[in-house]
Amino acid sequence: QVQLVESGGGLVQPGGSLRLSCAASGNIDTIVATAWYRQTPGRQRELVARITSGESTNYADSVKGRFTISRDNAKNTMYLQMNSLKPEDTAIYYCNAESRYRFAIRPTTYWGQGTQVTVSS
């Protein structure tokens with residue numbers, strides 16, 4: 001089992017910055033990748049950024065150059081630094097972790113509770 005606890009959401013003006021945090025606990029050694037997703041009402045959840053256990057990263061085209069995903073392994077925490085925020089970045093942001101367990105056929109996905117990010121004047 002992996003538990004994910006998010007923090008850092010809030011209201012920010014266009015052009016501003018926020019840093020989201022996701023603290024993982026439980027069987028963290030099973031985690032092979034973590035990611036941030038976001039969702040707006042009536043729309044599917046979309047991948048924003050992902051980082052693997054090998055520290056490879058990928059980003060949605062809409063956030064490249066503005067968002068940075070990172071990890072602090074000593075704190076078991078993942079971050080999403082969001083700069084130059086736009087109104088279209090407004091969404092609920094979710095922390096995600098993918099774990100692989102020995103003898104398991106398929107990986108297991110865990111989700112945080114979500115944190116609201118609102119970019120508005």
Side-chain angles (χ1 to χ4, degrees):
Q1 291 287 113
V2 173
Q3 295 80 42
L4 305 173
V5 179
E6 299 166 291
S7 61
L11 174 65
V12 65
Q13 293 184 342
S17 298
L18 283 174
R19 189 182 73 166
L20 305 182
S21 300
C22 174
S25 61
N27 199 356
I28 59 175
D29 290 340
T30 65
I31 298 174
V32 297
T34 53
W36 290 97
Y37 287 74
R38 66 186 181 187
Q39 187 172 23
T40 56
R43 300 173 184 174
Q44 288 190 325
R45 195 169 298 182
E46 67 172 346
L47 176 66
V48 177
R50 183 174 182 265
I51 185 168
T52 70
S53 59
E55 300 183 5
S56 297
T57 59
N58 62 277
Y59 298 89
D61 288 341
S62 60
V63 306
K64 285 181 179 178
R66 300 189 297 120
F67 291 10
T68 303
I69 189 170
S70 62
R71 298 182 314 202
D72 186 337
N73 291 332
K75 296 182 178 180
N76 297 323
T77 301
M78 176 181 65
Y79 304 96
L80 183 68
Q81 179 65 46
M82 304 185 293
N83 298 325
S84 302
L85 283 162
K86 304 174 181 180
E88 46 264 50
D89 295 319
T90 296
I92 301 175
Y93 284 72
Y94 295 90
C95 180
N96 167 274
E98 178 184 341
S99 292
R100 293 301 304 266
Y101 296 94
R102 190 166 59 181
F103 308 120
I105 298 174
R106 294 181 296 272
T108 300
T109 299
Y110 301 94
W111 294 95
Q113 78 284 357
T115 184
Q116 178 70 47
V117 172
T118 302
V119 184
S120 176
S121 300

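On a predicted model such as this, the values are computed, not experimentally measured, just so you know. Along the sequence shown, the residues carry numbers beginning at 1. All values below come from the heavy atoms of this structure, side chains included, with hydrogens, waters and symmetry mates left out.
Using bins of under 30°, 30° to 60° and over 60° for the plane-to-plane angle, the ring pair Y93/F67 lands in the tilted bin.
Under a cutoff of 6.0 Å and an axis angle of 45°, R45 and Y94 form a cation-pi pair.
Put simply, CD on Q3 and CD1 on I28 are 11.0 Å apart, with the number rounded to the nearest 0.5 Å. Atoms CG and OG1, on N76 and T34 in that order, are 11.0 Å from each other to the nearest 0.5 Å. Summarising the geometry, atom CH2 belonging to W36 is positioned 8.0 Å from atom CD1 belonging to I69; distances are rounded to the nearest 0.5 Å. A distance of 10.0 Å separates CZ in R100 from CD1 in I105, rounded to the nearest 0.5 Å. Taken from CG in L85 to OG in S17, the straight-line distance is 6.0 Å, to the nearest 0.5 Å.
Nearest heavy atom pair, residue I51 against residue S70, reads CD1-CA, 4.3 Å. Considering all non-hydrogen atoms of both residues, L4 and A24 come closest at CD2-CB, 3.8 Å. Nearest heavy-atom pair across M78 and C95 is CE-SG, 3.5 Å. A pairwise comparison of heavy atoms in S99 and T30 identifies OG-OG1, 3.0 Å as the closest pair. Considering all non-hydrogen atoms of both residues, L80 and A49 come closest at CD1-CB, 4.1 Å. Closest of all the heavy-atom pairs between P107 and E98 is CB-OE2, 3.8 Å.
No hydrogens or angles considered: nothing links the side chains of T77 and D72 as a donor-acceptor pair under 3.5 Å.
V63 is not connected to L47 by any chain of hydrophobic side-chain contacts under 4.5 Å among Ile, Leu, Val, Met, Phe, Trp and Tyr, and they are in different clusters.
Proximity of a side-chain donor or acceptor of E6 to a complementary backbone N or O of G114 within less than 3.5 Å is detected. At distances below 3.5 Å, at least one donor-acceptor pair connects side-chain atoms of Y101 with backbone N or O atoms of Q1. Side chain of R71 to backbone of T52: a donor-acceptor contact under 3.5 angstrom is found. Without hydrogens or angle criteria, T90 side chain to V119 main chain gives a donor-acceptor distance under 3.5 Å.
Between T68 and Y59 there is a side-chain heavy-atom pair separated by less than 4.5 Å. Residues T115 and L20 form a side-chain contact, since some pair of their non-hydrogen atoms from C-beta on lies under 4.5 Å apart. The closest side-chain heavy-atom distance from S121 to P14 is below 4.5 Å.
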Checklist entry - Can you check side-chain contact (heavy atoms from CB on, under 4.5 Å) on Q81 and R66, steps first, answer last? => result CA-CA 8 Å; Q81 179 65 46; R66 300 189 297 120; over 6 Å; no
Next on the checklist: Working note: V117 + L18, criterion side-chain contact (heavy atoms from CB on, under 4.5 Å); need CA distance, chi angles, decisive distance, verdict.
Outcome noted: CA-CA 9 Å; V117 172; L18 283 174; 3.9 Å; yes
Item to check | Verdict with supporting geometry, I31 and Y110, side-chain contact (heavy atoms from CB on, under 4.5 Å) | outcome: CA-CA 10 Å; I31 298 174; Y110 301 94; over 6 Å; no
Next on the checklist: If you apply the rule side-chain contact (heavy atoms from CB on, under 4.5 Å), what do you find for R38 with S62, and how did you get there?
Outcome noted: CA-CA 12 Å; R38 66 186 181 187; S62 60; 3.3 Å; yes
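In the displayed structure, Q44 atom CD is contacted under 6.0 Å by at most 12 heavy atoms of other residues, nucleotides or ligands. By the neighbour-count criterion of 12 heavy atoms within 6.0 Å, atom CD of Q113 is densely surrounded, having more than that number from other residues, nucleotides or ligands.
Taking 4.0 Å as the cut-off between side-chain N and carboxylate O, D61 and K64 count as a salt-bridged pair.
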